Amino acid sequence: MELFEHYLMLAKRLNYSQARQPLSVRTLANELSCTERNAKLLVQKMQKRGWIEWRPGKGRGHVSYIRLLADYDAVVIAEAKKRVSEQSLDAAIQLVQTYSRSHASSRAFIDSILNSINLEQIEQEDHLRFPTYRGVCALDPATIHRRTENHLMSHLFNQLVKYDPKNDCYIPDLAHYWETDTTNTKWTFYLRKNIFFHNGQHCTAEEVGASFLRHTEKSPYYWGIQHLHRLSALSPYTVEFCFSKPTPHFLAFAASLGGAIVYKDEMTSFPIGTGPFSLSDHSSKRLRLQAFPRYFSTRPHLDAVTMYIFPALYDNEPETAFLAANQLNFYHYPYVEKEEHHFQQQHSMDIGCKLLSLNKKHGLCANDTRLREALFHFLDPHSMIQDIGGTRSILADRVFAQGQSVLTTRNRLKGQASLLKSNYHGEELQLYSYTGAGNERDAGWIEQTLKAEGISVRLHLLPYHELQQLALEQKADLLLGEQLGYDDKVYGYFSLFFDRHRFLYSHVGTDDLEKAKRLWHQELKTETLLASLQTIETSLCQAHYLLPLYRLKQFALYPEYVKNVALNAYGWVDYTTIWLKRGKS
């Protein structure tokens, strides 16, 4: 054990207080797990470092005293700086993640370590490093559908086809050609040859078929293959999908992460794809993507991307320290907007929104029009944005940022009148959501706002995976979560209605789902299809079963030498386009 670790143990024993305290040599030795002789030697070394003041007792019965002089977090940061030059940046970051106690310590670390070192002196590869507040779950499309995970998975996997937002069409990816029959029940894809997974295995029709069949009823993407009757590998590079019902919009699903081609290897917990990056490290402290040298398309300019997990950074707390230095490698979650000449900034508005759904199937809200009206008028997104702040930016007047508003203006007096006419008599509404994504603050605001109007709400905030296991259609009167936005509008709307990890699926009525299902099986022009899907959305919003709340402002802050930064639909930066300008101009 190193000296600084002994000091940290001692500081913890003294409750981090810098007041003078009695402490015998015997007790000190016990706390430091060493002999009394070694305890005295350690005390001497700490005194030389200026970390403590030690006054030994003289003779039998005289008490020794100790006082901490060095700030606990300052010792951690100093040791981290030392490790940057002697070992590695990762070692320094891991040390701070392990030992730092305070929010301020993590922020000081980011400012003093990430922002002040010259990365070119310690590594030659183009390595993008930045902190983030949340670690990620297993990066498997069959088990998770969340913003950060989706962003990372988009760099790990390829699909048969991909959506081209510039031309509003589907273009080749792993498949170079495809065709469907006149009934839209049979789709055939012809694969490129010499495509490799990250583990060196070839990608063939067999792996493609297995990837789609991994979507069981618990998968968020099960809806895309629900009517798949037969899946056949006609040859090593030809795969055929046969459906029991017409599936004219299958390309929208195939281009999504539901169509991601995954190599299932029981020997590793890492997801294996064919994408431009592979996953080389995944823990609660760090996640690292490594450029895949055998990628079949254009290789990324970056060699690696590392996210360091600092939970203390959660939910966009104001902080100006991150903008203080001009050597910031990359900071994806800036905590304030501030004009700073050293930095470039990009921003965009979220396509999706934070959404509150009211149960149409069961409970107090299902048949009480007046209660839903009251909730709509009381929960004014303008007030929510003003009260909570962060990156909550503008009111969401419908689920996706397209088309005209489908909502009327909120009016508290109308809400109070509606509540008086409702059948509500003080019952407790059950609000469920998952931890993270700002849901704790949003749910707390909803609870307090409704409490002020005489409506009782009980909050249930659970980890994402736990929430997905519940029968939410029976338990939840209200469900709070994100509806992600997508470049492909057709896919976005079908995902809104069918995705079992999106909350609308648990609350929407059978009649609405049937309308959406008929559209999934009907061949229509894109404009007509979208208009029909939006009609279902409009009906749910106007009946106040859907309450769109707000859209996030998404932005990236980065130094001038980080080039070709582009925000994707998830509000994250596309790592396949970034490059770092090295050397002095």
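Because only heavy atoms are used, hydrogens play no part in the values below, and waters and symmetry mates are left out as well, while side chains stay in. What you see is a predicted model, and the numbers here were worked out from it, not measured in a lab. Residue numbers count from 1 along this sequence.
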Between [X] and [Y], is any pair of side-chain heavy atoms under 4.5 Å apart?
X	Y	result
T274	C203	yes
H151	R146	no
Y221	F498	no
L470	L462	yes
L479	L472	yes
P220	R500	no
V136	H282	yes
L480	D442	yes

Which word best sums up how the rings of H215 and F253 line up, parallel for under 30°, tilted for 30 to 60°, or perpendicular for over 60°? perpendicular

Aromatic plane relationship, F241 with F243 - under 30° parallel, 30 to 60° tilted, over 60° perpendicular: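 Parallel: the ring planes of F243 and F241 meet at under 30°.
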
Does the separation of the ring centres of [X] and [Y] fall below 6.0 angstrom?
X	Y	result
F189	H176	no
H249	H521	no
F277	F292	no

Are D512 and K517 ion-paired here, with the side-chain N under 4.0 Å from a carboxylate O? no

Tightest non-hydrogen contact, residues P141 and L257, listed as CB-O, 3.3 Å

Audit row: T306, L287, side-chain contact (heavy atoms from CB on, under 4.5 Å) steps and yes/no: CA-CA 6 Å; T306 299; L287 185 144; over 6 Å; no

Can a side-chain donor-acceptor contact be found between [Y] and [X] if the only test is distance below 3.5 angstrom?
X	Y	value
Y163	D168	yes
H507	S357	yes
T247	N184	no
N150	H145	yes
Y170	D488	yes
Q290	S278	no

Does NZ or CZ of [X] fall inside the cone over [Y]'s six-membered ring, less than 6.0 Å from its centre and within 45° of the axis?
X	Y	result
R294	F196	yes
K361	Y505	yes
K354	Y550	no

Write out all pairs satisfying side-chain hydrogen bond (donor to acceptor under 3.5 Å, both in side chains) with one or both partners inside residues 189-202, taking only residues at least two apart or from two chains. E179-Y190

Pairwise distance CG(L519) to CZ(F497) - rounded to 0.5 angstrom: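 Here the rounded value is 8.5 Å.
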
ring-ring contact (aromatic ring centres under 6.0 Å, His included) partners of H465, counting only residues at least two apart: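 Per chain and number, H465 pairs via ring-ring contact (aromatic ring centres under 6.0 Å, His included) with no residue.
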
